[in-house]
K.L.:
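First the structure, then my questions, so here it is.
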Amino acid sequence: MDSKVARLPLFGGPRAWHSSDWTSTDDRVRGGSSHSHMSCSPASLVARFYGNLDITTLGGAGFASQRTTGEDRSWDLSGYDGLELHIAGGDDKLYTITLKDETAPKRPDGRQESTLSWEFDFHAHGEKRIFIKWADFKPTYRGKEQEDVTPLDLTGVKQISFMLRSFFGVQEGDFSLELVSIAAVRYTYYRDDPEEEEEYVNVDEKLGTVSNRPNSRGWISWIGQCFGLS
């Protein structure tokens with residue numbers, strides 16, 4: 001049996017990348033020297049999360065991250081099974097995608113307070129899609145996994161971020177992760193043969209309608225679809 005997937009595009013794909021959607025939160029807020037950037041534009045097919053992870057300033061610790069902007073932004077993802085990352089390429093470092101269901105208050109100095117985060121770590125090299133079930137996101141506070149916490153409120157996800165952390169000296173230096181899209185996905189039924197490729201249906205975020213849309217068959221085919229060549 002072939003599976004079909006309802007997809008809610010969040011960034012990329014049919015929803016263009018905008019640099020105004022992202023801002024840096026690097027270890028410089030704690031006196032470090034790491035820096036990150038999100039290079040993207042409405043005309044670009046791929047967004048690039050890149051920068052330099054410095055571990056010398058903080059004695060082996062360090063992180064660089066990009067998070068979504070907008071204090072009043074919210075996504076209702078409760079009708080979906082998880083997130084799909086379509087990755088164009090990477091450097092095989094261990095990255096983290098983080099979700100938050102509350103907006104962190106700011107301190108008098110303008111820095112944001114630490115709040116509970118929901119994290120998933122992944123390696124990225126070459127083009128691939130990664131499906132992350134909600135249960136795979138682990139609750140953490142300041143990087144430490146927590147127990148007996150209130151589940152992630154999927155009706156009001158407030159923030160999405162990408163991070164590269166040092167893991168206490170394991171990773172450092174220049175980094176680069178290329179992203180095609182981020183989408184929430186819902187499996188309408190499951191296939192018997194896990195080796196078969198999925199066929200996707202696209203969900204309109206505002207209207208809630210579903211329209212048939214074939215899944216791309218590899219990177220070249222995907223580019224052809226974007227430019228109307230296939």
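Small disclaimer: the values here were computed from a predicted structure and weren't measured. Numbers here simply count residues along the sequence, with the first being 1.
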K.L.:
Below 6.0 angstrom between ring centroids: does that apply to Trp22 and Phe49?
P.N.:
no

K.L.:
What distance separates Ile160 CD1 from Asp21 CG, expressed to the nearest 0.5 Å?
P.N.:
10.0 Å

K.L.:
Is there a donor-acceptor pair closer than 3.5 Å between any side-chain N or O of Asp26 and the backbone N or O of Arg28?
P.N.:
no

K.L.:
Taking His37 for the side chain and Tyr50 for the main chain, is one N or O donor matched with an acceptor at less than 3.5 Å?
P.N.:
no

K.L.:
To the nearest 0.5 Å, tell me how far Tyr95 OH sits from Ile130 CD1.
P.N.:
11.5 Å

K.L.:
Counting distance only, does the side-chain N/O of Trp17 pair as donor-acceptor with the main-chain N or O of Val180 below 3.5 Å?
P.N.:
yes

K.L.:
Where the side chain of Trp134 meets the backbone of Tyr80, is there a donor-acceptor pair that is under 3.5 Å apart?
P.N.:
yes

K.L.:
Return each pair, listed once, that meets salt bridge (charged side-chain N to carboxylate O under 4.0 Å, His left out) where at least one residue sits in residues 160-185; pairs must be two or more places apart or across chains.
P.N.:
Glu119-Arg165

K.L.:
Does Lys138 come within less than 4.0 Å of Glu145, counting only side-chain N to carboxylate O?
P.N.:
no

K.L.:
Give a yes or no on whether the ring-centroid distance for Phe131 and Tyr187 is below 6.0 angstrom.
P.N.:
yes

K.L.:
Keeping the roles fixed (side chain from Lys93, backbone from Phe175), state whether a donor-acceptor pair exists under 3.5 Å.
P.N.:
no

K.L.:
Which heavy atom of Phe63 sits nearest to which heavy atom of Thr25, and what is that distance?
P.N.:
CE1-O, 3.3 Å

K.L.:
If the condition is salt bridge (charged side-chain N to carboxylate O under 4.0 Å, His left out), which residues does Asp54 pass it with, not counting sequence neighbours?
P.N.:
none

